[in-house]
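Shown next, in C-alpha cells, is the structure this report addresses.
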Amino acid sequence: MIEIIVNSRSKKSLNELNKIERVLQGKKLPYRVLRTSKKTNAKDLMNEIHGAELIVIGGDGTINEVINNYHGKEIIYLAYGSGNDLARSIEFKKDIEISRLLESKRFIEYDVGVVNDRKFCSGFDIGFNADIIKRVNGSKLKKYLGKYIYLLQGVIGILMLKKYKAKISWDSGEITTDKLYLLNAMIQPYEGGGIKFAPNATGQDGKLHIMIMENMSLVTFVYNYLCLLLKKHNKMRKVKQITTDRLAIKTNQRYFQIDGELINNTEQLNVGCISKFYKLKRMEKNEKRFK
C-alpha cells in the first residue's frame, strides 16, 4: 500500500497529488491519501502510516512535521512549499517520474537538528531571523507575495532591529552578550527561502554549522547580511563561525524558529545534531530524469 501525506492548504501540493493519483491509478497501484487540516497536521497523520511506501507532498513545514513523528520509513519527498529550502539543499529535482522513485532502491540518510524535544531538517534561529518569521506569520500579504514576503519583512526587520541577551555555550567555548543580533544553526546549507547560510553544511556530517552575529554596529550587521544574500561569506566581518555537535543557549528572546516555524522559548535551549536520522528515497544514480 502506498500512503500519501499532502498539505491540503497548498494548491501546488494538491495539483501534484492529482498528477500522482493519475499515475497510480493507471498502473493499478493501491494507495490512500491523508490530508492535513486545521486540526490535524502531518505529525498527527504519521500515526496512521503503516504501508510500505510513503510519499510526502508539501513544503519545509510539512516535512518538519513528518520528521517529528518519524518511524524509520524511507520517504519520497516532493517539495511544493513557498521556500523549499530542504529540497534546494539536497538538490532534489521535481521533474522525476513518480513511478521511477517508487521502483528505486536507493535512498540517502540525513541528519536532523534537535532543540530540546523538537527536531528540524534545515535550520534553527534566534534573533533577527526569528523576528522575520514572527512578522511573516502576522502578515496578510504572505498569500500574495509567496517567498518574497521574507525579503519584505527582512527590510522592515533591519529598520526595527532588536538586540537580545544570550549566554551561548559549546564544547570548546562560551559567549555572553547583551547585543546578540543573530544566532543561526544549520544542518543543511539553505533556509529563509533560498539564503545559503551554511555553505559547508551537508546534512550528512553529524555537525551543527553555527553563525553568531553579536556586538557589532548596525552598519556591520547590514553589510554581513548582504554578504549572505550575495553568497560572499568570506567577506563577512566580526562573525563567529562554529562547528559542533551540541550547543546550550539561554536568551531573553521568547521564541525561536525552526524550518520556518515559530516556537515559544524555554529558559534553556539545548541544540544538538542526530546523525543519519531519516531516509529520503532518490533515483538510481545512472537513471535519467523524466522530462
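Remark: the backbone N or O of D60 is not paired with any side-chain donor or acceptor of N64 at under 3.5 angstrom. Checking side-chain atoms of Q257 against main-chain N and O of A130 turns up no donor-acceptor pair under 3.5 Å. A donor-acceptor pair under 3.5 Å is formed between the side chain of D259 and the backbone N or O of G123.
In this structure, F221 and Y181 have tilted ring planes: the angle between them lies in the 30° to 60° band. Between F128 and Y225, the angle of the ring planes goes over 60°, which puts this pair in the perpendicular group of the 30/60° scheme. Taking the six-membered ring where tryptophan is involved, the planes of F124 and F256 are tilted, since the angle between them lies from 30° to 60°.
Proximity of I5 to I57: side-chain heavy atoms (C-beta onward) are nowhere separated by under 4.5 Å. In this structure the side chain of R32 never reaches within 4.5 angstrom of the side chain of I4, judged on heavy atoms.
Figure legend: R282 and F92 shown without cation-pi pairing, the cationic atom not lying both under 6.0 angstrom from the six-membered ring centre and within 45 degrees of its axis. A cation-pi arrangement, defined by a distance under 6.0 Å to the six-membered ring centre and an angle within 45 degrees of its axis, is present between K279 and F107.
Scanning both residues, V114 and F120, for their nearest heavy atoms gives N-CE2, 3.5 Å. Nearest heavy-atom pair across K119 and I67 is CD-O, 3.9 Å.
For the pair D85 and R88, the salt-bridge criterion is met [side-chain N within less than 4.0 Å of a carboxylate O].
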Donor-acceptor pairs under 3.5 angstrom involving side-chain atoms of residues 204-218: please list them, not counting sequence neighbours.
from, atom 1, to, atom 2, distance (Å)
D205, OD1, K207, N, 3.1
D205, OD2, H209, NE2, 2.7
E214, OE1, T177, OG1, 2.9
S217, OG, T220, N, 3.1
S217, OG, T220, OG1, 2.9

